[in-house]
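Written out below as structure tokens is the structure these notes cover.
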2 protein chains.
Amino acid sequence: MPEQNGVEVCEFLCAHESVVAEVKEHMPDEDTLFELAEFYKVFGDSTRIRILTVLCRHEMCVCDLATILSMNQSAISHQLRILKQARLISARREGKQVFYSLADDHVRNILDTAIEHLAER
Amino acid sequence: MPEQNGVEVCEFLCAHESVVAEVKEHMPDEDTLFELAEFYKVFGDSTRIRILTVLCRHEMCVCDLATILSMNQSAISHQLRILKQARLISARREGKQVFYSLADDHVRNILDTAIEHLAER
DNA sequence: TAAACATATGAACAATCATTCATATGTGAA
DNA sequence: TTCACATATGAATGATTGTTCATATGTTTA
């Protein structure tokens, strides 16, 4: 196959060139799409999903999260950091403990949307 | 630290035991949460996001997708298989070509929800 | 201050995964 | 049937990532 930008591509356009051109024109920029994928990646781990599910109901300290999920504290802390960096949760220190909670209701909506979609299959 | 189910956990519950018990009670079953994470994992790759974005606008054959995304046909095919298994897209053969399109409008909603969330930061 | 507790974090390891390469399958044209 | 094209797929590889272990940081109490 011939190359284009150093990448092998088909020799010719299968569909109308106009469609390809039109789609290319309206593609969001690469950064936005990458950011979108990174955002979803955060939800794409069952430990993090379980943490979010717990926090959907109640704010929780690291220790209790570890108890509920039967995982060690370090693993939970690592995942909390990822969730916090994605601004899905926020932290509040109270003495020795740190309580985590959902950043906003948007997270609930996002989870609900997916649950709804899965239910419809 | 002491162990519970072979996993190290904190020595005592930091918050009220009643809260922990209440949350544990209402946790969706493991399978559902795992499925949810698997679902999001599909969105958590920029190649797949780009494919979905293209298909949001127009149905497309593999060859044109490869052209638009400047990737080789094999990589696209592998990702299309994952998207199809997740029932996010569907295929339609027309002669030698296979045209892919979004499975339903739910996918659009899911993408829009995330875009909206990202925009609000 | 020292000790105990709760959480955070760096390094290491195992597992997962996206891409590439080579090749197979399926379809239409000659 | 044979050839050319479009797509699919198995194996290999390099990169990413979740968990664990050890340890550091931060806070309260004695």
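Keep in mind the model is a prediction, meaning the values are calculated, not measured.
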side-chain contact (heavy atoms from CB on, under 4.5 Å), paired with A:Leu83, selected from A:Asp45, A:Leu55, A:Leu88, A:Thr47
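When A:Asp45, A:Leu55, A:Leu88, A:Thr47 are each tested with A:Leu83, the side-chain contact (heavy atoms from CB on, under 4.5 Å) holds only for A:Leu88.
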From [atom1] of [X] over to [atom2] of [N], roughly how many Å is that when rounded to an integer?
| X | N | atom1 | atom2 | result |
| --- | --- | --- | --- | --- |
| A:Glu59 | C:dT7 | CD | P | 12 Å |
| A:Leu83 | C:dT7 | CG | P | 16 Å |
| A:Gln85 | D:dG18 | CD | C1' | 15 Å |
| B:Asn72 | C:dA18 | CG | P | 15 Å |
| A:Arg81 | C:dA11 | CZ | P | 12 Å |
| B:Phe34 | D:dG18 | CZ | P | 13 Å |
| B:Ile51 | D:dT7 | CD1 | P | 13 Å |
| B:Leu80 | D:dT9 | CG | C1' | 13 Å |

Whichever of B:Tyr100 and A:Ile76 has the more 5' nearest nucleotide on DNA chain D, that residue is B:Tyr100
Got a donor-acceptor contact below 3.5 angstrom from the [X] side chain to the [Y] backbone?
| X | Y | answer |
| --- | --- | --- |
| B:Arg93 | B:Gly95 | yes |
| B:His26 | B:Glu22 | yes |
| A:Arg57 | B:Met27 | no |
| A:Asn72 | A:Ala75 | yes |

Residues, nucleotides or ligands: over 12 heavy atoms within 6.0 Å of A:Glu25 CD:
no
Tell me, yes or no, whether the heavy-atom count around B:Gln85 atom CD, taken from other residues, nucleotides or ligands under 6.0 Å, exceeds 12.
yes
Heavy atoms under 4.0 Å, any strand shown: does A:Leu65 hit a base, just sugar-phosphate, or nothing?
nothing
Checking side chain to side chain contact (heavy atoms under 4.5 Å, CB included) for the pair B:Ile51/B:Met60: CA distance, chi angles, key distance, verdict?
CA-CA 9 Å; B:Ile51 290 174; B:Met60 195 75 52; over 6 Å; no
Give the nucleotide from the list [options] with an atom nearest to the side chain of [X].
| X | options | answer |
| --- | --- | --- |
| A:Gln97 | D:dA8, C:dT7, C:dT20 | C:dT7 |
| B:Ser77 | D:dT7, C:dT19, D:dT19 | D:dT7 |
| A:Val62 | C:dT19, C:dA8, C:dA18 | C:dA8 |
| B:Met71 | C:dT7, C:dT19, D:dT20 | C:dT19 |

Sub-4.5 Å side-chain heavy-atom contact between B:Val23 and A:Asp64:
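B:Val23 does not reach A:Asp64 side chain to side chain.
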For B:Tyr40 and A:Leu111, work out which heavy atoms get closest and say how close.
OH-CA, 3.6 Å
Do any side-chain nitrogens or oxygens of A:Gln79 fall under 4.0 Å of OP1 or OP2 in D:dT19?
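Indeed, a polar side-chain atom of A:Gln79 lies that close.
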So does A:His78 reach the base of C:dT7 with its side chain, donor to acceptor, closer than 3.5 Å?
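Not at all, since no donor on one side and acceptor on the other fall under 3.5 Å apart.
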Please encode protein proximity along nucleotides 22-28 of chain D as a string of B, S and -, counting only heavy-atom distances under 4.0 Å.
B----BS
Sub-4.0 Å heavy-atom contacts from residues 40-50 of chain B onto DNA chain C, ordered by number:
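Those residues whose heavy atoms fall under 4.0 Å from DNA chain C, taken from residues 40-50 of chain B in numerical order, are B:Lys41, B:Asp45, B:Thr47, B:Arg48.
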